[in-house]
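Notes follow the structure.
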Amino acid sequence: MLDDLIESLIEDLPVGPGNVSKRAQVLFRLFFGVLGALLGVAGMVKFIVDPPDTANTAMWISMLAVFFFLACFCLFNVAFLRRWRWPGVMFLISLVMLFVTRIAFGA
């Protein structure tokens with residue numbers, strides 16, 4: 001019953017490369033880019049205001065870097081449609097460093 005309802009709602013949506021206007025693509029890209037950037041900044045603010053009790057300084061910095069570079073990636077690459085590699089590379093490095101500091105220092 002629920003799957004029939006969802007199917008009837010979805011089947012009328014125009015999906016495909018020729019059906020989406022350029023303006024709609026820009027609006028979707030801006031919406032999700034700004035949303036990701038705001039969530040990244042919110043994560044940074046949360047960890048600055050209320051740092052975890054069990055985390056050491058290296059892990060805290062790694063957490064802040066993960067959220068900062070996630071916000072940079074969403075804002076620059078998704079919202080502004082730039083083909084920059086550094087936000088994605090720095091996000092991956094900071095994510096790896098989060099695990100390395102967790103293993104090395106055992107927070």
### Query
In terms of hydrophobic clustering (I, L, V, M, F, W, Y; side-chain heavy atoms under 4.5 Å; direct or indirect links), are Val41 and Leu98 co-clustered?
no
#### Entry: Phe73-Trp84 aromatic ring centre distance below 6.0 Å
no
### Message
Applying a strict under-4.5 Å side-chain criterion to I, L, V, M, F, W and Y, I'd like to know whether Val89 and Leu95 cluster together.
### Response
yes
### Task
Would you indicate whether the side-chain heavy atoms of Met63 and Pro52 approach each other to under 4.5 Å?
yes
### Message
Surrounding CZ of Phe68 (heavy atoms of other residues, nucleotides or ligands, distance under 6.0 Å), is the total greater than 12?
### Response
no
### Query
For the atom pair OG (Ser62) and CZ (Phe99), what is the distance rounded to the nearest 0.5 Å?
11.0 Å
### Task
For residues Trp60 and Phe47, report the shortest heavy-atom separation together with the two atoms involved.
NE1-O, 2.8 Å
### Message
Is the shortest side-chain heavy-atom distance between Phe76 and Pro87 below 4.5 Å?
### Response
yes
### Query
Got Leu92 and Val96 here, is their nearest side-chain heavy-atom distance under 4.5 Å?
no
### Message
According to a hydrophobic-cluster definition based on side-chain heavy atoms being under 4.5 Å apart (Ile, Leu, Val, Met, Phe, Trp, Tyr only), do Met44 and Val34 belong together?
### Response
no
### Message
Check for me, please, whether Val78 and Phe31 land in the same ILVMFWY cluster - side-chain distances under 4.5 Å, paths through other members count.
### Response
no
### Query
Less than 4.5 Å apart, any side-chain heavy atom of Met90 and any of Ile93?
yes
### Query
Transitively linked via ILVMFWY side-chain contacts under 4.5 Å: Val100 with Met59?
yes
### Task
Report the distance from atom CG of Leu75 to atom CG of Leu70, rounding to the nearest 0.5 Å.
11.0 Å
### Query
Atom CG in Leu39, atom CZ in Phe67: separation rounded to 0.5 Å?
9.5 Å
#### Entry: Beyond-backbone contact of Asn77 with Arg83, side-chain heavy atoms, under 4.5 angstrom
no
### Heavy-atom closest pair, residues Cys74 and Ala37
CB-N, 3.6 Å
### Message
Tell me whether Arg82 at atom CZ has more than 12 heavy atoms from other residues, nucleotides or ligands lying less than 6.0 Å away.
### Response
no
